[in-house]
Amino acid sequence: MSDGQKVFMPSQPLEPGPRYGLLSNFEPGTRTLEAGSQIAPPFKPLPVDIVLDKDVAVTLRDGVTIHVDVFRPAGAEKVPVIVAWSPYGKGQGTSASVMGIFGMVGLDNAVVSGLAKFEGPDPAYWCARGYAICNPDIRGVANSEGDSVVWDRQEGRDCYDLIEWLGVQDWCTGKVAMSGTSYLAVSQWFTAAEQPPHLAAINPWEGVSDVYRDLVLRGGMPDTGFAEQLQNNSFWGNGRREDILTEAERHPLMDDLWENKIPEFERITTPAYVVASYSNTLHTAGTFRAWRRMASEGKWLRIHNTQEWPDYYDEANTEDLRRFFDRYLKGEDNGWEQTPRVRYSLLDLHGGDRVNLPAEQFPPADVQLTKYYLDGRSRTLTTQAPSAEATAGYTVGSNPDVVSFVTRFDQETVLVGYPKAHLWVEAKGHDDMDLFVLVQKLDAYGTPLQQFTVPNQGALIQDVTERGASILRYKGSDGRLRVSMRHLDEALSTEDVPAHSFDRVEKLSAGEVVDIEIDLLPLGLTFSPGEQLRFVVSGRSLLGTMMPGNREYAADNKGQHIVHTGGERASYLQLPVKPA
């Protein structure tokens, strides 16, 4: 069983410091926060009186006690409640760390009241509109008992118990929802799969959905820089925290440990409003995977063109979410069902993005999967497979250490959907290859186009995104694969999205040429006549770290990497082309 495979390490108490907020003190009791008051000067004043039930004890099925804060409108009327489940302290909203993150991305702290959990719904907004908010300190965090875990089915069972406790409180209508970004999104997949009876709707706003494939071993490579940040800077408490870095070292292949960290998507039947983007190198693959595989008949997808935090706290988007919750938590006949099942964006990287384009599915039904073949002689991409075989490659550690292929569009072209690469490759001087691929947009003069995803575009963001912090600056659709992990999972793979089993290692022998498939992040890109697309293959990470300060991954490569093209080994890039 996976529980026996888990590794734990001592945690540290949550004490005053960068992650400690004004509500982090353990102070059980009920108080009223008055309308017009501010928790601190930078934050939004409260629009209504809010009752705070602080540090309420909730006992889980195995006897572990956790503590939750509940913010609810003053008065006797029963209200539905929204849960924000994460390991970040429930009082962290006013902490220096959260205020610093808002400052880094260019968000004004006044967009929230300071009562919200990091990445969670703001009680000031929701209480004023007839909802309660529940901010838990989950298992092992702050003063809650037990040992914390990282994104697995244990969290789903724990949140099930909390939801069922909330649903029968005398102030609750019996309707419970979940909302939030990142960790708060991931926990929703696991909770909904447990099917708690009082859970009426979920709102996962960008999050991983497979810890192995998205967090610690993407493409089969042990790139754990962000996992290290998550493990070392969260889960503060009095017990132990899961040591996912040691687990990744001990379990490099997919096994029961990692299977337990994949939600049972087929059991997710709750109405869901899912929000995604093309640009979040941590969350994009997982959000789209969960959207594809979850079983909910009532599911809606919106694909935005920025970063999750400014998108989540945008006033218009919050109002849109309220329409969804009003329908499923309050039973209002507000026409939500007429909302297009998919609203997607198209980036042009010149400042003319289009958003909220309607479709019944993603990719849109008229998208045509089109093969662009690599030509190793001309270094171009063509829709006709070259008849002559050729090769192109690079020596690991040399300059250049990439090989690329370009096509120029002579008419307006729209790509929206899932790209994939099918390559014939060879390693000279080594028995394996860490390969990284990237689809870039170039202007008519060959200059790569990029786009910041956050409001701040000053010198600091310029610096940290120069060769990293890929979540904050979009440079194109990327993918990666350790070639010895190339075996495809036939049950999960589709024509446009290959999925690898990651359960075996198949090293290369001298002179062996193998064909591989690499999934790239979904994209929505427009090209004007004369603009170009560049497809890059390299043995090093082309986008760098996910966030500032992450440890950078050093690929395990030696010798030469050869890409074979044309003839019997016609490598290609498959692109989702939407007819004009």
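No experiment lies behind these values; they were computed from the predicted model shown. Both backbone and side-chain heavy atoms feed into the values below; hydrogens, waters and symmetry mates do not. Along the sequence shown, residues are numbered consecutively beginning with 1.
- Surrounding CZ of Arg551 are more than 12 heavy atoms belonging to other residues, nucleotides or ligands, all under 6.0 Å away.
- Geometric assessment of Arg292 against the ring of Tyr418 yields a positive cation-pi assignment under the 6.0 Å and 45° thresholds.
- To the nearest 0.5 Å, atom CG of residue Leu435 and atom CG of residue Leu481 are 7.0 Å apart.
- Closest heavy-atom contact between Trp85 and Met178: CB-CE, 3.9 Å.
- The distance from atom OG1 of Thr281 to atom CG of Leu472, rounded to the nearest 0.5 Å, is 9.0 Å.
- Within the model, atoms CG of Leu521 and OG of Ser277 stand 9.0 Å from one another, a figure rounded to the nearest 0.5 Å.
- In this pair, Trp205 and Tyr312 present their aromatic rings perpendicular. The plane angle is above 60°, beyond the 30 to 60° band.
- At a threshold of 4.0 Å, the pair Lys261-Glu242 counts as salt-bridged, since one of the basic side-chain nitrogens sits closer than that to a carboxylate oxygen.
- To the nearest 0.5 Å, atoms CG (Leu415) and NZ (Lys441) are separated by 9.5 Å.
- A donor-acceptor pair under 3.5 Å links the side-chain atoms of Gln231 to the main chain of Leu245, judged by distance alone.
- Side chains of Glu426 and His564: a donor on one and an acceptor on the other come within 3.5 Å.
- Residue Gly479 comes nearest to Leu520 through the heavy atom pair N-CG, 4.0 Å, listed as atom of the first residue, atom of the second, then distance.
- Residue Glu266 qualifies as enclosed at atom CD: its count of foreign heavy atoms under 6.0 Å is above 12.
- The number of heavy-atom neighbours closer than 6.0 Å to CZ of Arg250, taken from other residues, nucleotides and ligands shown, is 12 or below.
- Relative ring orientation between Phe265 and Trp189 is described as perpendicular, the plane-to-plane angle rising above 60° on a 0-90° scale split at 30° and 60°.
- Listed by first and then second residue, the ring-ring contact (aromatic ring centres under 6.0 Å, His included) pairs involving residues 509-546 are Phe409-Phe527 (not counting sequence neighbours).
- Here the side chain of Ser296 pairs a donor or acceptor atom with the backbone of Thr270 at under 3.5 angstrom.
- Contact check for Met254 versus Ile262: side-chain heavy atoms found under the 4.5 Å cut-off.
- Here the closest heavy-atom approach between residue Glu119 and residue Trp309 is recorded as OE2-NE1, 2.8 Å.
- Rounding to the nearest 0.5 angstrom, the gap separating the OG1 atom in Thr284 from the CG atom in Leu282 is 8.5 Å.
- Remark: of the listed residues Arg534, Gln532, Lys475, Arg534 is the sole one forming a side chain to side chain contact (heavy atoms under 4.5 Å, CB included) with Gln440.
- Taking NE2 of His430 as the reference point, atom NZ of Lys507 lies at 6.0 Å (rounded to 0.5 Å).
- Ring geometry for Phe235 versus Tyr183: interplanar angle over 60°, hence perpendicular rather than tilted (30 to 60°).
- Phe288 has its ring centre less than 6.0 Å from the ring centre of Phe362.
- Here the side chain of Gln450 pairs no donor or acceptor atom with the backbone of Arg473 at under 3.5 angstrom.
- With salt bridges taken as basic N to acidic carboxylate O contacts below 4.0 Å, one links Asp311 and Arg302.
- Contact check on Lys420 versus Asp519 returns no salt bridge, with no Lys/Arg side-chain nitrogen under 4.0 Å from an Asp/Glu carboxylate oxygen.
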